[in-house]
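One structure is given here, and the rest of the page talks about it.
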Number of protein chains: 2
Amino acid sequence: MKAANMAVQVGLVMALALAGSSAYAAEPKPLPPKPSVGDIVKESKAADWRALDLDNTLYMDLPGGRVVIELAPTFAPNHARNIKALAREGYFDGLAIIRSQDNFVVQWGDPDEKNPKPIKNAKAKLPAEFTVPLKNDTAFTRLKDVDGYAPQVGHSNGFPVGRDPKKGETWLAHCYGMVGVGRDSESDSGGGTALYVVSGQSPRHLDRNITVVGRVISGMPLLSTVPRGPAPMGFFDKPEMQIPIKAFRVAADVPEGERSKFEIMRTESATYQKVVEAQRNRGGPWTKVAAGHIDLCNAPIPVREAK
Amino acid sequence: MKAANMAVQVGLVMALALAGSSAYAAEPKPLPPKPSVGDIVKESKAADWRALDLDNTLYMDLPGGRVVIELAPTFAPNHARNIKALAREGYFDGLAIIRSQDNFVVQWGDPDEKNPKPIKNAKAKLPAEFTVPLKNDTAFTRLKDVDGYAPQVGHSNGFPVGRDPKKGETWLAHCYGMVGVGRDSESDSGGGTALYVVSGQSPRHLDRNITVVGRVISGMPLLSTVPRGPAPMGFFDKPEMQIPIKAFRVAADVPEGERSKFEIMRTESATYQKVVEAQRNRGGPWTKVAAGHIDLCNAPIPVREAK
């Protein structure tokens, strides 16, 4: 994923194949040109970026390529630790993607409910980490924009978050690409053996109802294009629909030559505030009406390959 | 798409393969059970649904199956008319899906910019229909929830809409599955020869910047899983990536035996208000914290097969 490709959603400008042409009224009030998200990313400085922490980065290798997940231990310390323990004991290796529900989530884990893969040292279940105390998070940068799901929203160290100052709680938000921990009806019934990624419109009503552990920072198309499952909730009803997980490893355990190297824009930087503003109020000539607003899950968090 | 499958986003309940078990603290304050979206759809009456208007329904037949699009002539009368004229002269037949950008849009039209397919009777360009006067829309039902992109949001005859009473304008909102008209920088440079569908997080900043013409009401997975294009903005850079459009027809022109029969829940019905409320404040046992809010693009608009 190159920086140029991160200039997401910067318009639908395209060479239309036009047969014939007619003169229409001139543009009403053109907006002044402004730097785009792509322009700001391009002009950013080295200090605006941070490397991934290899001990909190996961590689899920699928037949089609690699998915890179950044864990957020600030928001789910026990689950992040347990998922790394699961990875390190090889729990996910040979398991599969087992669910793809359109406009919702893609999920992976053990396809064999009747004869489940045993867990060696990691935990099968953990107490929920739906929220953490506000004081755990020292990197929050608030978005000034209104949000219906949380009293405050913004970013913390490269992750979209909600917070409730009155309750003293903060949590990771269910935006596209966020990774959560599947559970049954009991809050404490998940532990990380079943993971999912948001692959559609952000299901923010799940916020504070599920432990969210991180974000896919590369390889999202390998998950988002998985054919949708025909069973209820997009589960696969035939083994041949499953996509096998070749390997699921902590980046720190992977030989250096096999590592994927990415950098994340520091969301606490002034440059990131410019990124947000560029998306909040896009300039002309393509844009005719600036939104004057940005939803939390529409704020791009730039990722680039490290040199 | 059966009604049962429209009970979207009703949770991640699943049989977790649990090895071992531990006792954790009891659930804090369980929410009382409430009817789910699926329950309300199941209990709905015939009068809560309307059939599709065959003269404003399009079938795009792809190798993998059919995409059904409902046009919204209230919001884009000239574009709806022109797209039907394009369909009726066979313009789209043999053209292709030419773009798939992750978490954004999938687009179709003429892949051959240098030697474009000629248009016979339809128009290549039309004046923009980014908004229409409020008085054009008599079916609006307002959502009480806050929205950052529009002074008011809600639904009109099965479509998500924004409106600005001060300016006297209303428009279709860029939610998942909405179909828009690609254009170049000039507002009046589109006409319907290049169409796209929203396939990711709702890009509401495009509202009032593009003519939106309708909504995919069946077959969305055929579009949302199209492998992402490697060229900038997800365009395909090799002809073999294109997915051919076998036929693109107005439903009214299709022999009855070949028609797809669907019904849409009337968004002005009391039952639809219950659907919205069920999603806004979901009950237990799975849900622990009710959101107390729903974003416009998270409000499901139920579709079912007609008997």
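A, B, ... follow the sequence lines: proteins, then strands. Residue 1 opens every chain.
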### Query
Side chain, backbone, both or neither: which part of B:V289 has a heavy atom under 4.5 Å from chain A?
both
#### Entry: Pair B:D110 + B:K117: basic N to acidic O under 4.0 Å
no
### Closest-packed option against chain A by number of heavy-atom pairs under 4.5 Å, given B:A290, B:G148, B:G109
B:G148
### Task
Pick one of side chain, backbone, both or neither for B:Y176, based on which atoms fall under 4.5 Å of a heavy atom in chain A.
side chain
### Message
For the interface with chain B, which of A:G292, A:A291, A:C297, A:G234 has the highest count of heavy-atom pairs at distances below 4.5 Å?
### Response
A:C297
### Query
Between B:N298 and A:Q201, is any side-chain donor less than 3.5 angstrom from a side-chain acceptor?
yes
#### Entry: Residue part contacting chain A, namely of B:N209, when any heavy atom lies under 4.5 Å
both
### Query
Parallel, tilted or perpendicular for B:H174 and B:Y196, by the 30°/60° rule?
parallel
### Message
Parallel, tilted or perpendicular: which one describes the rings of A:Y149 and B:H293, with boundaries at 30° and 60°?
### Response
perpendicular
### Which atoms of B:V226 approach chain A - backbone, side chain, both or neither, heavy atom under 4.5 Å
backbone
## Note on the structure
B:K144 meets the side chain to side chain contact (heavy atoms under 4.5 Å, CB included) criterion, sequence neighbours left out, with B:E277, B:R280
